[in-house]
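For reference, the structure discussed in these notes is given below.
Whatever order the structure lists them in is the order used to number ligands and atoms, beginning at 1. This chain uses plain numbering: 1 for the first residue, then up along the sequence. Note that this is a predicted model, so its numbers are computed, not measured.
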Amino acid sequence: MTGNRPVKTALIAGNWKMNLTAEEGIALVQDLAGRLGSPSGNEVLLLPPFPILAAIGAAIGDAAIELGGQNLHWEASGPYTGEVSGPMLRAAGCRYVLVGHSERRSHFGETDRTVNRKVRAALECGLRVILAVGENEEERAAGRTRSTVRSHLLKGLEGVAAGEAARIEIAYEPIWAIGTGTTATVEQAGEVHGWLRDDLRRLFPPPADDPIRILYGGSVTPENVDTLMARPEIDGVLVGGASLQAESFARIARFQRETTIALPGKSC
Ligand code: PEP
């Protein structure tokens with residue numbers, strides 16, 4: 001097939017990281033729900049810190065906002081002080097979990113092996129997984145972007161059956177763009193998303209790969225979201241800083257998919 005893929009329901013995810021108390025988070029959700037108003041056709045997801053998941057779930061109530069965890073342990077329970085398991089996230093109302101964020105890899109020693117264990121554990125307990133992949137500045141400068149993201153992708157998804165692909169999302173997050181204010185250009189993001197889609201198709205031959213959405217993350221703002229989301233390879237965004245204010249996150253969640261930049265005649 002040449003040209004555009006069918007447009008999927010976009011996923012707009014807000015990663016609060018280690019920010020916001022329950023009180024602050026509840027106020028944000030109430031403001032956000034009011035601003036989102038009628039359904040926009042996009043799926044909106046919040047990833048709050050563990051201790052406030054239940055409070056945020058309660059504040060979400062009937063609003064069209066999903067809840068997810070920022071991390072999980074691969075075991076369901078046991079002597080793992082400070083950790084949280086998939087079944088605990090489910091019980092707290094989570095439908096999603098983020099796995100392999102670069103901050104987990106760089107600050108907490110997560111490896112492709114532990115990321116893979118987490119991916120499989122999350123799928124096993126019925127969660128949807130957002131697997132984060134992305135190169136750092138040196139890897140990009142050395143021309144190793146493709147091999148780095150491919151390695152994160154393939155190692156992260158090792159042992160995952162094609163039948164589980166429908167519960168996977170990939171977040172392409174170039175590390176040099178996270179929290180820096182430097183967003184990847186649409187060409188850079190589109191190119192990497194295209195590579196990831198090619199790899200996913202090899203791993204889960206179509207149509208199994210089709211439900212997998214590939215999100216872009218890295219300094220997404222109300223100002224750049226429309227341009228990013230105009231790329232047909234970008235199926236949503238993972239937002240850090242700009243998800244901490246209802247006004248900016250609501251604007252991002254209600255992005256305008258006005259124009260679609262056609263893929264440059266490649267098979268997709
Ligand atoms: C992130 O942490 O996943 C992220 C994309 O952060 P920011 O939007 O602040 O760059």
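For the pair Ser219 and ligand 1, a heavy-atom separation below 4.0 Å is found.
Each of Val99, Leu157, Leu72 was evaluated against Val129; a single residue qualifies, Val99, per the side-chain contact (heavy atoms from CB on, under 4.5 Å) test.
The distance from ligand 1 to the heavy atoms of Ile178 drops below 4.0 Å at these ligand atoms: 1 (C), 2 (O), 4 (C), 6 (O), 10 (O). Interface atoms of ligand 1 facing Asn15, defined by a heavy-atom separation under 4.0 Å, are 2 (O), 3 (O). If you number the atoms of ligand 1 from 1 as listed, the ones under 4.0 Å from a heavy atom of Ala177 come out as 10 (O). Every atom of ligand 1 is numbered from 1 in the order shown, and the set under 4.0 Å from a heavy atom of Gly179 is 7 (P), 9 (O), 10 (O). Those atoms of ligand 1 with a heavy atom of Gly218 less than 4.0 angstrom away are 5 (C), 10 (O).
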side-chain contact (heavy atoms from CB on, under 4.5 Å) assessment of Thr21 paired with Ile26 | CA-CA 8 Å; Thr21 61; Ile26 289 166; over 6 Å; no
Audit row: Leu46, Leu32, side-chain contact (heavy atoms from CB on, under 4.5 Å) steps and yes/no | CA-CA 11 Å; Leu46 293 177; Leu32 179 65; 4.2 Å; yes
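Note that OG1 of Thr148 is 7.0 Å distant from CG of Asn136, once rounded to the nearest 0.5 Å.
There is a side-chain donor-acceptor pair under 3.5 Å between Glu43 and Tyr96. In this model, a donor atom of one side chain and an acceptor atom of the other lie less than 3.5 Å apart for Trp176 and Glu135.
Using the six-membered ring where Trp is involved, Tyr172 and His193 have ring planes that are perpendicular, over 60° apart on the 30 and 60° scheme.
Ranking protein heavy atoms by distance to atom 9 (O) of ligand 1, first place goes to Gly241 N, 2.8 Å. Counting protein heavy atoms only, atom 1 (C) of ligand 1 is closest to His101 NE2, 3.3 Å. Remark: minimum distance from atom 8 (O) of ligand 1 to any protein heavy atom is reached at Gly240 N, 2.8 Å.
Close N/O approach between Glu173 and ligand 1 is found [any backbone or side-chain N/O within under 3.5 Å].
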